[in-house]
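One structure below.
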Amino acid sequence: REVIKSRSNEVIAPRAVGSDYLLSSLLICKECNRSMAVCGAKSGEFYYYTCQRYVKMGRAYCAQGRVSVKKIEAFIVNLLKERVFTHEHVKDLFLKVNTELSTFEKNFEDKIVLIDTSLTDKLARRKKLYNRIETDTVDLGDLGPRLRELNAEIECLKQEKEEFERMREGRQPITITESELKAYVDELREALIAGTISERKGFIRSFIKKIVVAKPNIEVHYPVPLP
């Protein structure tokens, strides 16, 4: 599941996290370009994702109106089951993650070589300056500014190297057998259907950026390409 979470860097609004509705903050009215929030019918029995312009100004200002919470949530869950949480797509996702890790590793190695080369050069320069101070009659005031500058550059390079090494930690290629992949996909599908509201919403937001309502159609926008 961490792989799936890593595919999305969206920040979810606190109000959306606390909501009991799966698609909170995801639905947009295409006509008004306004968000659609859940409103109850007068009977209190049915609930709808409703365009906020429709709520505030009425039908004359928004023809989209509202869509059934029950129907659209069931549709989106089924869509994810059929298109996202499949053996083929999850396997493709793992391959993409491994490709990204391979690219990162190559870039990491190249960057570390550059940093180490520069660091070695600056350490050698600093050593020469110290040697001059110890062996020559050099005024420390003349070399002081350059020593401070070199020390600052060396410290900056060390910090940069440490930061890259921290980024590398935990980035290991994913190895998984076909049987493990099947069990993993089954687990995801089960969590999508029977998980907690928070878990189900997290999965949905990992693969859906927004849902634009243009009745009788909807447009589902994904943050990553799907097959």
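Panel note: side chain S206, backbone G202; a donor-acceptor pair is recorded below 3.5 Å. With hydrogens and angles disregarded, no donor-acceptor distance shorter than 3.5 Å links the side chain of E82 to the backbone of L80. Between the side chain of S118 and the backbone N or O of I115, no donor-acceptor pair lies under 3.5 Å. N151 places a side-chain N or O within donor-acceptor distance of the main-chain N or O of L147, the cut-off being under 3.5 Å.
Defined by atom type and a distance below 3.5 Å, a donor-acceptor pair is missing between the side-chain atoms of Q159 and E163. Checked by atom type, the side-chain pair T177/S179 shows a donor-acceptor distance below 3.5 Å.
Enclosure of atom OH in Y61 is not indicated, since only 12 or fewer non-hydrogen atoms of other residues, nucleotides or ligands lie within 6.0 angstrom. Environment of NZ in K215: crowded, with over 12 heavy atoms of neighbouring residues, nucleotides or ligands closer than 6.0 Å. Heavy-atom neighbours of R166 CZ from other residues, nucleotides or ligands within 6.0 Å: above the threshold of 12. Remark: F75 CZ is loosely packed, at most 12 non-hydrogen atoms of other residues, nucleotides or ligands lying under 6.0 Å away. Heavy atoms of other residues, nucleotides or ligands lying less than 6.0 angstrom from CG of N131 number more than 12.
Among all heavy-atom pairs drawn from S25 and R205, the shortest one is OG-NH2, 3.4 Å. Between N33 and I28, the closest heavy-atom pair is OD1-CG2, 3.7 Å. Residues C51 and R34 come closest through the heavy atom pair SG-CB, 4.1 Å. In terms of heavy atoms, A214 sits closest to K30 at CB-CD, 3.7 Å.
By the side chain to side chain donor-acceptor pair (under 3.5 Å) test, E153 pairs with K122, sequence neighbours left out. In terms of the salt bridge (Lys or Arg N to Asp or Glu O under 4.0 Å) criterion, residue partners of K91 (sequence neighbours excluded) are, by chain and number, E178. For K182, the salt bridge (Lys or Arg N to Asp or Glu O under 4.0 Å) partners at least two apart in sequence or on another chain are D186. When the salt bridge (Lys or Arg N to Asp or Glu O under 4.0 Å) test is applied to K210, no partner is found at least two apart in sequence or on another chain. Annotation: salt bridge (Lys or Arg N to Asp or Glu O under 4.0 Å) contacts of K158 (sequence neighbours excluded): none.
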Between Y222 and K209, is a side chain to side chain contact (heavy atoms under 4.5 Å, CB included) present by the stated rule, with each step listed?
-> CA-CA 5 Å; Y222 302 98; K209 184 177 182 180; over 6 Å; no

Let me see the working for R66 and Y49 under side chain to side chain donor-acceptor pair (under 3.5 Å), right down to the final yes or no.
-> CA-CA 5 Å; R66 57 191 186 177; Y49 287 102; over 6 Å; no

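Atom-to-atom distance recorded for L119:CG and E155:CD is 10.0 Å, nearest 0.5 angstrom. Rounding to the nearest 0.5 angstrom, the gap separating the CZ atom in F85 from the CG atom in L79 is 11.0 Å. Distance check: E73 CD to L23 CG gives 5.0 Å after rounding to the nearest 0.5 Å. Here the CD1 atom belonging to I174 is positioned 5.0 Å from the CG atom belonging to N98, to the nearest 0.5 angstrom. Considering CE of M36 and OH of Y48, their distance stands at 12.5 Å, rounded to 0.5 Å.
Side chains of L192 and K81 form a contact here, defined as non-hydrogen atoms less than 4.5 Å apart.
Among residue pairs with one or both ends in residues 105-119, those qualifying as salt bridge (Lys or Arg N to Asp or Glu O under 4.0 Å) are E105-R168, K106-D110, K111-E160, D116-K161; sequence neighbours excluded.
Aromatic ring centres of H89 and F207 lie closer together than 6.0 Å. For F104 and F164, the ring centers sit 6.0 Å or farther from each other.
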